[in-house]
Number of protein chains: 2
Amino acid sequence: MDAIDRSLVELLRGNARLSYAELARQVGLSAPAVHERVGKLESSGVIRAYRAEVEPEAIGLGVTALIGIVEDSGGDTDDVLETFRQMPEIESCYFMAGVESFLLKARVGTIAELEQLIVRLSRTPGVASTRTGIALSTKWENRPQPIDPPAS
Amino acid sequence: MDAIDRSLVELLRGNARLSYAELARQVGLSAPAVHERVGKLESSGVIRAYRAEVEPEAIGLGVTALIGIVEDSGGDTDDVLETFRQMPEIESCYFMAGVESFLLKARVGTIAELEQLIVRLSRTPGVASTRTGIALSTKWENRPQPIDPPAS
DNA sequence: ACCCTCCGTGGACGCGATCGACCGGAGCCT
DNA sequence: AGGCTCCGGTCGATCGCGTCCACGGAGGGT
């Protein structure tokens with residue numbers, strides 16, 4: 001993870017479809033060298049995936065909600081997690097410090113679907129309560145932040 | 001936005017670096033046809049960007065926090081937004097229904113940096129109070145959900 | 001029936017991806 | 001110091017892909 005790797009990561013966070021030749025030009029190496037570096041970044045887990053970012057409304061997911069989950073004292077956290085994992089509407093799942101063990105970001109098409117999702121969440125064993133906030137608009141999301149050279 | 005467009009979007013959400021030739025094979029069209037369709041999806045705003053998804057720890061961003069913001073009654077929402085936009089640590093910003101006008105997802109390297117961020121947020125004009133939750137672990141994030149054919 | 005438009009195919013050509021061979025510097029052992 | 005080895009790079013060649021262009025068929029309007 002030297003300065004060149006950091007540049008590559010930053011370039012690919014900005015545009016995942018850059019060609020190796022273009023990356024090579026930007027960082028001042030040859031294309032095969034860049035190819036090898038990117039391969040290593042992928043297999044070492046630094047780069048996890050390349051994703052197209054899609055306007056959610058365009059694919060029928062106009063409603064975004066953030067849902068806090070309070071666990072039952074008796075519940076098994078892993079089971080709860082597994083249940084959440086089965087619900088495709090839950091795009092992100094954070095295990096949190098605080099009273100609410102989980103914070104979920106969910107996207108659905110309509111408020112009715114959100115209602116159904118919340119009901120399902122409330123009913124899952126191990127869930128004591130839920131608290132839902134609706135996003136009226138998304139100002140920005142997953143904006144990549146510039147990489148500043150770490151202490152190492 | 002027909003079935004083929006939806007397939008293309010879904011394929012690119014799974015792997016943004018698929019070649020046009022590969023996409024063409026998957027959807028049963030020629031490469032130039034796919035090229036044109038993807039170009040239209042981009043320029044019509046359905047596809048907003050292609051991003052490499054990076055392990056945050058690997059680039060020195062090991063701390064994730066979700067921060068709710070309550071606005072001053074007198075404040076100007078747009079000004080507050082603009083201030084938030086200048087803070088690179090804020091990766092996502094949702095305008096919410098409820099007491100807390102904004103929900104921010106922020107990533108920083110250390111708890112000390114989070115503290116500084118919270119201080120800056122609290123001090124920005126128009127912000128009445130903040131409420132911060134720390135993510136102990138990210139179970140998953142921005143998982144693409146399968147597209148089911150919309151009513152249209 | 002005719003034409004127009006849209007959206008696709010096929011062909012061609014230049015560039016990019018990718019492999020293998022080679023090279024130079026760093027670190028280490030003798 | 002000399003030489004070995006390893007790592008990570010360049011160079012060159014080959015093959016497939018991206019991309020431009022001309023052409024063609026389907027569908028709708030007149």
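Bear in mind the structure is a predicted one, so any value in this text is a computation, not a measurement. Each chain gets a letter, A, B and so on, in the order the sequences are listed, and its residues count up from 1.
Of the candidate nucleotides C:dC7, D:dG9, C:dT9, C:dC7 has the atom nearest to the side chain of B:Lys40. Closest contact between the side chain of A:Leu29 and the listed nucleotides C:dG16, D:dT10, D:dG18 involves D:dT10.
In this structure, A:Leu41 atom CG and D:dG8 atom C1' are separated by 14 Å, rounded to whole Å. Rounded to whole Å, atom P of C:dC7 lies 16 Å from atom NE2 of B:His35. One atom, OH of A:Tyr20, and another, P of D:dG16, lie 18 Å apart when rounded to the nearest Å. Regarding B:Glu36, its CD atom lies at a distance of 9 Å from the C1' atom of C:dC6, rounded to whole Å. Regarding B:Leu23, its CG atom lies at a distance of 15 Å from the C1' atom of D:dT19, rounded to whole Å. The distance between atom CD1 of A:Ile4 and atom P of D:dG9, rounded to the nearest whole Å, is 7 Å.
When each of A:Arg17 and A:Ala33 is assigned the nucleotide of DNA chain D with its nearest heavy atom, A:Ala33 is the one assigned upstream, toward the 5' end. Place A:Glu22 and B:Arg37 on DNA chain C by their nearest nucleotides, and B:Arg37 ends up nearer the 5' end.
Counting heavy atoms from C-beta on, the side chains of B:Arg37 and B:Leu23 never come closer than 4.5 Å.
The only option from A:Asp72, A:Val80, A:Leu121 that meets the side chain to side chain contact (heavy atoms under 4.5 Å, CB included) definition with A:Val127 turns out to be A:Val80.
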Go through B:Arg120 and B:Glu89 one step at a time and tell me if the side chain to side chain contact (heavy atoms under 4.5 Å, CB included) criterion holds. CA-CA 12 Å; B:Arg120 265 186 293 151; B:Glu89 303 91 329; 2.6 Å; yes

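Using a 4.0 Å cut-off, some side-chain N or O of B:Arg25 falls inside it from OP1 or OP2 of D:dC17.
With A:Tyr94 as the aromatic partner, B:Arg107 does not meet the cation-pi criteria of under 6.0 angstrom to the ring centre and within 45 degrees of the ring axis.
Within the 4.0 angstrom heavy-atom criterion, only backbone atoms of the sugar-phosphate kind lie near B:Ser19; the bases stay farther away.
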